[in-house]
Amino acid sequence: IMFSASFVPSPAQAAVARIIPCGGGGTYKIEGQAIYSHSSCAGAVIIPADVEHLGGGSFQNSKVTSVSFEAGSQLNMIAGGVFYNTPLASIVLPVGLQKIDNLSFMGSKLKHISIPGTVNTIGLMAFEDTTLETVVFESRIAASLDFGPNVFNDVPSLISITFKGPNQLQLNTFQAATSVDFDWLGWSTTQGGPIVSFPLANTNPGDLILYPKRTPRDGVSNLACSLGGTFKIQSGVVTRATSDCAGAISIPGTVNNIS
């Protein structure tokens, strides 16, 4: 999957284009108030406060491991696939961010993310195929939050999703966090507790925590790719590989189909 953005700078913007070094080598380019490309960027990245937009695929397939934003950040949008297939393990999203677009973090190595209360849109598959364990939605500032399909699909490591008070997101419904590794059962408000139904009537002014309930599927195995990543086999079918699967793979003789 490749993401790109078309950008034609005005003469004034072209004059102030900036090349910023990345902490582990390489650079990224700011054009006007947006980032649209990188060159072998690796390690820690600090985004200047005046950047308003991370353009589609601007850091995809990079070696970026962490991202932070200067105080007073003006960021309002993370476009499609910005951190697709990266070793990104840490990011602190600034208050004021409004949109996290499709596949923005797909295939990254995040274990935790906190979503500012200003975010009003999260696109399809934004966090699919990540290593997320915990997600926190901060107390709401924006009036609404729209989710695209499959935001948390194929995140078998997911432990909990927290909605912070006092202004919690009103959950008329909440999508499943399905995975080829598990049969989905539903959400619970306590670990190991009963499945809840939606709309969810929550009278607690504090935090609301949802825990995924699912049971392991029989016949699912994860095999290593020689240079990193894994691929899945379910009931004799190779179903998918992680975004970082690289090098050689050895397919067992019991496989009868590759999807």
Side-chain angles (χ1 to χ4, degrees), residues 1 61 81 83-89 100 102-113 115 122-137 147-163 171-200 202 208-259:
I1 301 174
N61 299 318
F83 298 107
Y84 172 79
N85 190 30
T86 66
L88 179 71
I100 299 172
N102 303 340
L103 288 76
S104 295
F105 294 93
M106 184 178 182
S108 70
K109 301 305 180 186
L110 289 171
K111 289 187 177 297
H112 170 78
I113 194 162
I115 310 295
I122 298 179
L124 67 87
M125 298 186 292
F127 298 102
E128 182 169 309
D129 192 25
T130 64
T131 54
L132 275 173
E133 296 178 358
T134 57
V135 179
V136 174
F137 288 90
F147 290 91
N150 306 326
V151 170
F152 298 108
N153 267 22
D154 283 309
V155 187
S157 54
L158 186 65
I159 297 171
S160 66
I161 298 179
T162 299
F163 302 89
L171 295 176
N172 293 320
T173 185
F174 197 67
Q175 60 189 243
T178 59
S179 169
V180 296
D181 296 286
F182 298 96
D183 287 317
W184 178 252
L185 300 177
W187 295 100
S188 174
T189 54
T190 57
Q191 287 184 301
I195 295 171
V196 297
S197 59
F198 295 91
L200 185 59
N202 180 52
L208 169 67
I209 304 176
L210 292 182
Y211 301 91
K213 295 199 70 175
R214 47 205 175 179
T215 56
R217 286 181 179 169
D218 294 331
V220 176
S221 57
N222 293 279
L223 302 183
C225 309
S226 66
L227 296 180
T230 61
F231 65 98
K232 293 182 187 297
I233 297 175
Q234 180 181 356
S235 302
V237 179
V238 177
T239 58
R240 65 175 297 162
T242 58
S243 58
D244 57 347
C245 178
I249 62 172
S250 179
I251 297 178
T254 54
V255 168
N256 53 51
N257 193 5
I258 299 176
S259 65

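For clarity, every value in this text was computed on a predicted model and none was experimentally measured.
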Step-by-step side-chain contact (heavy atoms from CB on, under 4.5 Å) determination, Thr239 to Ile233: CA-CA 6 Å; Thr239 58; Ile233 297 175; over 6 Å; no

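- Between Phe174 and Phe198, the two ring planes are tilted [angle within 30° to 60°].
- The shortest side-chain heavy-atom distance between Leu185 and Thr215 falls under the 4.5 Å cut-off.
- Between Asn85 and the choices Asp244, Asn61, Asp129, the side-chain hydrogen bond (donor to acceptor under 3.5 Å, both in side chains) rule is met once, by Asn61.
- Annotation for Ala176 and Trp187: closest pair CA-NE1, 4.2 Å, computed over non-hydrogen atoms.
- Judged purely by atom type and a 3.5 angstrom limit, Gln175 uses its side chain to pair as donor or acceptor with the backbone of Val151.
- Between Phe182 and Arg217, the shortest heavy-atom contact is O-NE, 2.9 Å.
- Smallest separation of non-hydrogen atoms from Ser188 and Pro194: OG-O, 3.1 Å.
- Considering only heavy atoms from C-beta on, Leu158 stays 4.5 Å or farther from Ser179 through its side chain.
- Looking only at distances, no side-chain donor or acceptor of Thr130 sits under 3.5 Å from a matching main-chain atom of Ser108.
- Leu210 has its side chain within reach of Thr189: a pair of non-hydrogen atoms, C-beta onward, lies under 4.5 Å apart.
- Ring pair Phe127/Phe105 is parallel by interplanar angle, where below 30° counts as parallel and above 60° as perpendicular.
- A salt bridge is defined here as a Lys NZ or Arg NE, NH1 or NH2 lying under 4.0 Å from an Asp or Glu carboxylate O, and Asp181 with Lys232 meets this definition.
- Asp154 meets the side-chain hydrogen bond (donor to acceptor under 3.5 Å, both in side chains) test with Arg240; sequence neighbours excluded.
- The 12-atom threshold is exceeded at CG of Asn257, counting heavy atoms of other residues, nucleotides or ligands nearer than 6.0 Å.
- Ile100 places a side-chain heavy atom less than 4.5 Å from the side chain of Ile115.
- A heavy-atom distance below 4.5 Å is found between the side chains of Phe152 and Val135.
- When each of Leu200, Thr162, Ile161 is paired with Leu208, the side chain to side chain contact (heavy atoms under 4.5 Å, CB included) condition holds for Leu200 and for no other.
- Looking only at distances, a side-chain donor or acceptor of Ser157 sits under 3.5 Å from a matching main-chain atom of Leu132.
- Of all heavy-atom pairs spanning Gln234 and Val220, the tightest one is CG-CG2, 3.8 Å.
- Between Asn150 and Leu124 the shortest side-chain heavy-atom distance does not fall below 4.5 Å.
- Looking at heavy atoms from C-beta onward, Leu223 lies out of side-chain contact with Thr230 at the 4.5 angstrom threshold.
- For the pair His112/Val136, a side-chain contact is recorded, criterion being any heavy-atom separation below 4.5 Å from C-beta on.
- Summarising the geometry of Ser160 relative to Ile209, their closest heavy-atom pair is CB-CG2, 3.8 Å, with the distance given to 0.1 Å.
- Closest approach of Phe231 to Ser250, counting heavy atoms only: CZ-O, 3.6 Å.
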